[in-house]
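No experiment lies behind these values; they were computed from the predicted model shown. Positions are given from 1, in the same order as the sequence printed here. Atoms within each ligand, like the ligands themselves, are counted from 1 in listed order.
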Amino acid sequence: MKKHKVLDLFSGCGGMSLGFEQAGFEIKLGIDNWNESLATFKNNHYHSDILCADLANLKPTELEKEYGEIGVIIGGPPCQGFSISGKRNPDDPRNKLYQSFVSFVDYFKPNAFVMENVPNLVAMNGGNVKTQIIKEFESIGYKVTYKIMMASEYGVPQNRKRVVFVGLKSGAEFKFPDGGYVNQKITASEAISDLPDEELQDGTSYILEPQSEYQRWIRKGSSSIFNHQITMHTDQTKSIIDLVPDGGNYKSLPKELQNTRRVNIAWTRLNSKKPSFTIDTGHNHHFHYKYNRVPTPRESARIQSFPDTFIFHGKKNDQLKQIGNAVPPLLGKVIAEELLKYLGASDV
Ligand SMILES: C[S@@+](CC[C@H](N)C(=O)[O-])C[C@H]1O[C@@H](n2cnc3c(N)ncnc32)[C@H](O)[C@@H]1O
């Protein structure tokens, strides 16, 4: 049976693409302007093409003819241009990236598109930004629905919220799967407790047996560990974080140490018994629930629901950025599986 063909704009390393692939879609092409993320994308989506290009300037007409038959466009364009006026000003250069997503949808007229973004987009300018986005896609022929999705409610061991817009060309109204998709939220320790404190060379065999169902699932097909590089903190940092208990934060520190970092999320430890807070792109503020260091790229990837077979390329900081930027693949898969119910068999 033919698979629905997907174009991933602002693909990064391909977290959302992986979810779509797992649901049975075929990822034709990922476009990004960051080479390291595309190296990861290519090495984990062997059958897909990559294109390193600035989407502010790339026109859909410039893509090769073979990409003409695209069934679904996915991606997460930065939407900064909206924040000032609440209306899209086509002349505002900061709007170019969002506009590029719209123009690709307008050109390819896929059966569906899925656009994700930060959740505060919905409340921006009293909701005008969101209304404007919906109107714009409606004007090019799509019925649009949106939802702020909490990843932990869909089996991802992370309290990460993202707004997702889905547009259907058929005019049907897409209904998002309900939160509470999983009976029990997955905790940070269920996600990473089998990974050691120490750095491991890429390809080192697992040391422990899986300690949870989640670990059994995420290790499937993998016999060794990659991307488990440790961040070397100063002795001072290690001695301060040592004072913070599992799930604690700067409030556990003596008064004179509380302001040693100027961010309110600093000196925070994961809670082993809860889903992780949102994984960022490597700011070194969130520490392991047990060890006196921040999570390694592999631990962060686990928290984002990337399987252990998905290997990240580039330096450690590049890896953390790719992981922190990504849509959790499992969240992508949940959306993609639901979308399949509306798309039926692929005609392209
Ligand atoms: C939020 S990340 C995408 C994450 C991706 N959807 C995933 O699930 O892994 C946004 C991506 O947009 C890319 N990007 C930013 N500006 C761009 C531009 N002008 N042209 C192409 N890509 C751009 C960044 O390099 C980054 O990888």
Undergrad: F226: which other cluster members, linking ILVMFWY side chains closer than 4.5 Å, directly or transitively?
TA: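 Via sub-4.5 Å side-chain contacts, F226 links to I311.
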Undergrad: Working to the nearest 0.5 angstrom, can you tell me the gap between I192 CD1 and I218 CD1?
TA: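 Those atoms lie 11.0 Å apart.
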Undergrad: For the CG atom of L339 and the CD1 atom of I74, what is their distance to the nearest 0.5 Å?
TA: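 Reported value, rounded in 0.5 Å steps: 10.0 Å.
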Undergrad: Checking side-chain polar atoms at under 3.5 Å, does K290 have a donor or acceptor matched by the opposite partner on S272?
TA: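 Absent: no donor and acceptor within the cut-off.
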Undergrad: Are a donor atom and an acceptor atom from the side chains of Q201 and T204 found within less than 3.5 Å of each other?
TA: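 Their side chains do not contain a donor-acceptor pair, so the 3.5 Å distance test is not met.
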Undergrad: Please report the interatomic distance OG(S37) to CZ(F312), rounded to the nearest 0.5 Å.
TA: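 Answer rounded to 0.5 Å: 11.0 Å.
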Undergrad: What are the distances between nitrogen or oxygen atoms of ligand 1 and protein nitrogen or oxygen atoms, counting only those under 3.5 Å?
TA:
| unit_1 | atom_1 | unit_2 | atom_2 | d |
| --- | --- | --- | --- | --- |
| ligand 1 | 8 (O) | G15 | N | 3.4 |
| ligand 1 | 8 (O) | M16 | N | 2.9 |
| ligand 1 | 8 (O) | V327 | N | 2.9 |
| ligand 1 | 9 (O) | S11 | O | 3.4 |
| ligand 1 | 9 (O) | G14 | N | 3.4 |
| ligand 1 | 9 (O) | G15 | N | 2.9 |
| ligand 1 | 19 (N) | D54 | OD1 | 2.7 |
| ligand 1 | 20 (N) | L55 | N | 2.8 |
| ligand 1 | 22 (N) | N33 | N | 3.2 |
| ligand 1 | 22 (N) | N33 | OD1 | 3.3 |
| ligand 1 | 25 (O) | D32 | OD1 | 2.6 |
| ligand 1 | 25 (O) | N33 | OD1 | 3.4 |
| ligand 1 | 27 (O) | D32 | OD1 | 3.4 |
| ligand 1 | 27 (O) | D32 | OD2 | 2.7 |

